[in-house]
Participant: 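Following this message is one structure expressed as structure tokens.
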Amino acid sequence: MPASYAYLGPEGTFTEAALRTLPEAATRELIPYVSVQSALDAVRVGEAEAAFVPIENSVEGGITTTLDELVAGAPLMIYREVLLSITFALLVRPGTKLSDIKTVSAHPAAQPQVRNWLKNNLPDAHWESAASNADAARLVQEGQYDAAFAGEFAAALYGLEALETGIHDAENAQTRFVLVGRPARPAAPSGADKTSVVLWQRDDHPGGLRDLLGEFATRGINLMLLQSRPTGAGIGNYCFCIDAEGHISDRRVAEALMGLKRICLEVRFLGSYPRADLKPGEVQPPRAGTSDVEFVSAADWVARCQDGRF
Ligand SMILES: O=C(O)C(=O)Cc1ccccc1
């Protein structure tokens, strides 16, 4: 049996479409799961080699189920990411007219992406959240809801037709998906990488978040995501999910992580992996004074000073 990748199903999700853009997916069995949690648990218990799940969209930000699993569940690591441009189709049972639609369904992350369209076209329709957009399509097929927002490609899978296509409140809306596996050595740097971590502050003090961010700033590291999530310990208690440019094998990134490890209560490393938005060669060179060569020669100089050989 080939190694398998779990993904947020059922068949016909945007998640599946994004997964199929990864060359390695062609050599794996792709198995749909009913939720992000169940796909990630399949990896944790060794049922699947990796899981592919949505993590962020450009309209609403983080997909909180995924972030919370990575923050608080048994440790997992990100190995790949994919960016997919998203527009929705309104899928209905054949013969349904716009005026027949009383209930619409989709994944909660779809709602902010179609809110204006709904207000202008179906202002009285009742929203029902589904486990995924394809699951909403399946529920329309079963007669539970009148219409689903999903990929146009899901229509044929569920015997539905697209009453409208190209629905998107925001131009260029993109969703980011990640391939998550059990912790192991990250792939070697590709030349265009990012590093994901979760940070828990040691104590609450003025400038606490600035101190965390300062570890990146002083080493010339640009951040690509900063999302706070409640720790569950009461109002005002948050941890911080951060994506930073670079790979843990870059000296500046390793030194920033060491700095954070010293000052944080806890740091969870979520992986260093190729970024999907830029190719190697398109990435800005390190800022002056932050290249590997400069870190190594500075460390050599300190060693020589300690030896009295400067
Ligand atoms: O993959 C899907 O179809 C999902 O249900 C998750 C999702 C939700 C909204 C936009 C993109 C992906």
Side-chain angles (χ1 to χ4, degrees), residues 5-23 25-26 30-36 39 52-60 63 66 81-179 276:
Y5 285 170
Y7 70 92
L8 173 65
E11 268 181 78
T13 53
F14 287 111
T15 310
E16 183 192 358
L19 172 57
R20 289 188 185 280
T21 67
L22 283 179
L30 307 184
I31 304 180
Y33 281 75
V34 293
S35 65
V36 166
F52 195 74
V53 292
I55 191 166
E56 180 188 357
N57 72 68
S58 60
V59 176
E60 189 78 342
I63 309 271
T66 304
E81 69 170 8
V82 172
L83 286 173
L84 191 72
S85 296
I86 305 270
T87 69
F88 293 89
L90 186 72
L91 305 186
V92 295
R93 289 180 296 280
T96 307
K97 299 186 294 301
L98 205 58
S99 55
D100 299 330
I101 297 174
K102 305 279 180 289
T103 50
V104 293
S105 182
H107 187 276
Q111 196 178 27
Q113 306 185 44
V114 301
R115 200 175 275 142
N116 292 339
W117 188 92
L118 267 177
K119 190 178 75 184
N120 295 330
N121 296 277
L122 286 170
D124 298 323
H126 194 77
W127 177 273
E128 302 278 356
S129 285
S132 71
N133 302 312
D135 204 42
R138 188 184 63 78
L139 292 167
V140 171
Q141 180 184 40
E142 284 186 359
Q144 199 159 327
Y145 304 127
D146 298 326
F149 290 102
E152 194 180 349
F153 45 82
L157 289 170
Y158 295 99
L160 303 177
E161 64 183 29
L163 207 53
E164 288 266 355
T165 57
I167 301 172
H168 55 285
D169 287 358
E171 283 301 324
N172 309 321
Q174 284 189 312
T175 298
R176 187 164 77 92
F177 301 83
V178 285
L179 184 70

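Residues take their numbers from the sequence shown, with the count starting at 1.
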Participant: For a side chain to side chain contact (heavy atoms under 4.5 Å, CB included) check, start with the C-alpha distance between V59 and I86, then their side-chain angles and the critical distance, and finish with the verdict.
Facilitator: CA-CA 11 Å; V59 176; I86 305 270; over 6 Å; no

Participant: Per the side-chain hydrogen bond (donor to acceptor under 3.5 Å, both in side chains) rule, what does the pair list look like for residues 132-160, sequence neighbours excluded?
Facilitator: T103-D146, D135-R138, R138-E142

Participant: Looking at every non-hydrogen atom in both residues, tell me the closest pair between A137 and A148 and how far apart they are.
Facilitator: N-CB, 3.6 Å

Participant: Can you tell me which residue pairs pass the salt bridge (charged side-chain N to carboxylate O under 4.0 Å, His left out) test with a partner in residues 107-128, sequence neighbours excluded?
Facilitator: none

Participant: Hey, are the side chains of W127 and S105 touching, using non-hydrogen atoms and a 4.5 Å cut-off?
Facilitator: no

Participant: Could you tell me how the ring of F149 sits relative to the ring of W117: parallel (under 30°), tilted (30 to 60°) or perpendicular (over 60°)?
Facilitator: perpendicular

Participant: Give the C-alpha distance, both sets of side-chain angles, the deciding distance and a yes or no for side chain to side chain contact (heavy atoms under 4.5 Å, CB included) between L30 and L19.
Facilitator: CA-CA 9 Å; L30 307 184; L19 172 57; 3.8 Å; yes

Participant: Can you name the closest pair of heavy atoms from A17 and F153 and give their distance?
Facilitator: CB-CZ, 4.0 Å

Participant: Shortest non-hydrogen contact from G95 to E161?
Facilitator: N-OE2, 3.5 Å

Participant: What do the steps show when you test Y33 against F52 for ring-ring contact (aromatic ring centres under 6.0 Å, His included), and what is the final call?
Facilitator: CA-CA 10 Å; Y33 281 75; F52 195 74; over 10 Å; no

Participant: Give the minimum heavy-atom separation between A109 and I63, together with the two atoms involved.
Facilitator: CB-CD1, 3.6 Å

Participant: Do E11 and E16 come close enough that some side-chain heavy atom pair is under 4.5 Å?
Facilitator: yes

Participant: Return the CZ to CG distance between F177 and L22, rounded to the nearest 0.5 Å.
Facilitator: 11.0 Å

